[in-house]
Amino acid sequence: MAISERPAGSLWTEYDPGPEYPSLHEDIRADVAVVGGGIAGICTAWELARAGRQVVLVEADRIARGVTGHTTAKVSALQGTAYSRIRSARGPDAARLYAASQADAVRHVATVAQRLGVDCDLEHVPACTYVTEQADTDGMRREAEAAAEAGLAVSFLENVDLPVPAAAAVHLDDQVQFHPRKYLLALAADFVQHGGTIVERTRVTGLDEGDPCRLTTSAGRTVDARDVVVCTHYPVFDRALLFTRLEPVRETVVAGPLPPGGAEPVGMLLTEEEGTRSVRTAPHESHGRMLVVTGEKFTPGDRKDAGAAAHFDRLERWAEEHFGDFAATHRWATQDAFSTDHVPYVGRLHPLTRRVHVATGFGGWGMSGGVMAGRLLAEQLTGGSSPWAGLYDPVRLHPSDAPNAMRLWAKTAGHLVGDRLPGGHADSVGDIPPGGGAVVRGSHGGLHAVHRDASGSLHRLSARCTHLGCIVHFNDAETAWECPCHGSRFDVDGRVLQGPAVRPLEQQNGEGAG
């Protein structure tokens with residue numbers, strides 16, 4: 001692939017060998033229905049099929065192309081300052097269980113890749129969390145102590161030699177980086193060989209928790225199953241009010257060839273400074289060794305934000321500053337949901353169900369978290385037990401959750417009310433440049449999401465998110481409408497790109513200001 005002036009998208013979604021799986025054209029039955037074809041859904045379905053269950057995997061678009069197709073694909077038990085945070089919020093026993101489950105996931109990826117003979121560019125490399133300022137070394141020391149107490153063989157290093165300035169770091173050997181689509185498409189093929197069914201481009205819009213459970217799709221077809229697992233990144237069915245305990249966060253990613261003669265990072269680097277800076281490398285058949293840099297956390301759809309394009313530019317400048325003559329050939333963004341207590345929710349969806357399960361809230365570590373979720377859910381659905389089931393139980397409630405939950409409530413309430421007030425919107429569609437978008441107040445008082453395409457034609461939609469009614473805002477770099485409350489995303493014609501919304505934005509007629 002030649003380097004072009006306009007960067008390409010995700011490195012991983014370039015790989016698309018097929019096959020495409022059919023959409024659902026008839027009502028079907030299965031032992032288990034898994035909703036969502038990312039890493040958590042595919043791993044759960046694969047584990048269950050290997051255990052002898054009849055499983056159908058239902059994906060709204062294409063498997064392993066959504067959130068999972070836009071990850072940085074780092075599989076590590078060392079996750080920033082996770083262990084000091086979990087120990088503080090949940091205690092040292094919780095941190096030990098978390099470390100054991102995440103380390104198990106890292107080993108499992110390597111074992112499965114070897115067992116299936118998957119060529120997924122898997123590399124065993126160290127992981128390193130670092131800080132740049134001497135004043136922050138105590139925080140790194142606390143993380144090293146918490147991770148060691150949790151059972152990880154970490155090292156605490158001062159004045160460490162890295163290709164980026166580092167005053168102190170926590171180091172863990174033998175972690176994994178890989179190509180997520182190569183790995184997951186191989187699992188999907190093996191899943192089908194073991195009797196599993198995959199349906200793509202089939203959006204699930206309804207759930208009846210009867211006996212059996214029944215899923216309804218946007219096309220009116222149904223899937224009956226004894227058990228249902230919701231692995232849609234952010235739950236599309238939220239009868240446990242998880243949206244009050246989940247915060248959507250988006251990050252930008254840039255990738256390009258390692259500059260000749262530049263320092264190549266050894267392993268995976270991460271700092272939580274500057275809105276996060278995460279670095280890894282990856283092989284690429286056209287460009288040789290690629291540098292992949294992630295960071296610039298922001299809330300999707302937050303109109304107070306400077307804009308996604310500015311985040312990409314800052315991240316690319318940072319890469320140029322630290323890695324020499326770097327030029328991005330690829331740009332994309334990734335999104336995750338963060339729980340209030342820093343631990344994902346994996347297990348029963350709500351206290352009154354035994355048949356509906358969920359996996360969500362991976363907090364930026366969906367690769368190890370998704371593999372862990374697949375193993376945990378398969379154990380639960382086949383009558384087994386897991387030592388860390390209680391840690392991840394979605395039904396859990398802890399006093400330490402309350403401040404963060406209240407903050408999320410206040411944030412959502414602020415968007416529900418504040419984004420409807422005058423100001424902060426374009427006065428007229430005439431203010432919208434080609435390729436741009438803005439929320440415009442119509443002549444009858446309603447808010448319209450209006451995009452002007454390159455030809456000058458206007459695309460008018462209701463600005464009201466179809467999930468819970470927050471007002472969407474335009475992402476200039478990705479040409480999409482985003483909800484700041486729960487992270488739903490829509491294309492310029494209103495089609496759902498990312499849930500929890502399951503219905504498109506409503507089309508509007510030409511009425512509007514300007």
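Just so it is clear, the structure is predicted and the values come from calculations on it, not from any experiment.
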Aromatic plane relationship, [Y] with [X] - under 30° parallel, 30 to 60° tilted, over 60° perpendicular:
| X | Y | value |
| --- | --- | --- |
| H311 | F298 | parallel |
| H330 | W332 | perpendicular |
| W12 | H179 | perpendicular |

Quick one: does [X]'s side chain have a donor or acceptor within less than 3.5 Å of a partner on [Y]'s backbone?
| X | Y | value |
| --- | --- | --- |
| T466 | L505 | no |
| H322 | W318 | yes |
| E251 | A333 | no |
| T137 | Q134 | yes |
| R280 | T72 | yes |
| Q335 | P248 | no |
| E200 | Y21 | yes |
| D341 | V343 | yes |
| T71 | G366 | no |
| R181 | Y15 | yes |

Give me the atom names and distance for the closest heavy-atom approach of [X] to [Y].
| X | Y | answer |
| --- | --- | --- |
| V34 | C231 | CG1-SG, 4.3 Å |
| I42 | A188 | CG2-N, 4.4 Å |
| L246 | G361 | CD2-CA, 3.6 Å |
| V160 | A166 | CG1-CB, 3.5 Å |
| A359 | A40 | CB-CB, 4.4 Å |
| P163 | P265 | CG-CA, 3.8 Å |

Below 4.0 angstrom, N of the basic side chain to O of the carboxylate: do [X] and [Y] qualify?
| X | Y | answer |
| --- | --- | --- |
| R62 | D16 | yes |
| E272 | R277 | no |
| E123 | R289 | yes |
| K182 | D121 | yes |
| E59 | R203 | no |
| R314 | E274 | no |

Nearest 0.5 angstrom please: [X] [atom1] to [Y] [atom2], how far?
| X | Y | atom1 | atom2 | answer |
| --- | --- | --- | --- | --- |
| D173 | S155 | CG | OG | 7.0 Å |
| L391 | L97 | CG | CG | 5.5 Å |
| R495 | L497 | CZ | CG | 5.5 Å |
| L376 | T44 | CG | OG1 | 9.0 Å |
| D174 | H124 | CG | NE2 | 6.0 Å |

Enumerate donor-acceptor pairs with a distance under 3.5 Å from any side-chain N or O in residues 139-151 to protein atoms, sequence neighbours excluded.
{"from": "R141", "atom 1": "NH1", "to": "D138", "atom 2": "OD1", "distance (Å)": "3.0"}
{"from": "E143", "atom 1": "OE1", "to": "S84", "atom 2": "N", "distance (Å)": "2.9"}
{"from": "E143", "atom 1": "OE1", "to": "S84", "atom 2": "OG", "distance (Å)": "2.6"}
{"from": "E143", "atom 1": "OE2", "to": "Y83", "atom 2": "N", "distance (Å)": "3.1"}
{"from": "E149", "atom 1": "OE1", "to": "R87", "atom 2": "NH1", "distance (Å)": "2.8"}

* Within the 6.0 Å centroid threshold, strictly below: W481 and F474 -> yes
* Would you please test Q498 and V67 for side-chain contact (heavy atoms from CB on, under 4.5 Å) and show each step? => CA-CA 8 Å; Q498 193 164 336; V67 172; 3.5 Å; yes
If you measure only the distance, is there a donor-acceptor pair under 3.5 Å linking the side chains of [X] and [Y]?
| X | Y | result |
| --- | --- | --- |
| Q79 | S368 | yes |
| Y234 | S488 | no |
| E14 | H284 | yes |

* To do: Step by step, work out the side-chain contact (heavy atoms from CB on, under 4.5 Å) result for W46 and L57.
  => CA-CA 10 Å; W46 182 80; L57 175 67; over 6 Å; no
For the residue pair [X] and [Y], establish whether any side-chain heavy-atom pair is separated by less than 4.5 Å.
| X | Y | value |
| --- | --- | --- |
| R489 | V496 | no |
| V176 | L122 | yes |
| I471 | H473 | yes |
| H70 | T13 | yes |
| P394 | T360 | no |
| F338 | K297 | yes |
| V249 | T299 | no |
| H486 | L468 | yes |

* To do: Check step by step if side-chain contact (heavy atoms from CB on, under 4.5 Å) holds for V492 and T479.
  => CA-CA 7 Å; V492 294; T479 318; 3.7 Å; yes
* Y345 ring centre to R245 NZ or CZ under 6.0 Å, with the angle to the axis within 45°? -> yes
* Hey, is C483 close enough to C465 that the SGs sit under 2.5 Å? ->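 No disulfide here.
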* CA sep, side-chain torsions, deciding dist, call: D313, R331, salt bridge (Lys or Arg N to Asp or Glu O under 4.0 Å) -> CA-CA 10 Å; D313 292 342; R331 283 184 171 193; 2.9 Å; yes
* Derivation of the side-chain contact (heavy atoms from CB on, under 4.5 Å) call for L11 and M290 -> CA-CA 10 Å; L11 276 177; M290 299 286 283; 3.8 Å; yes
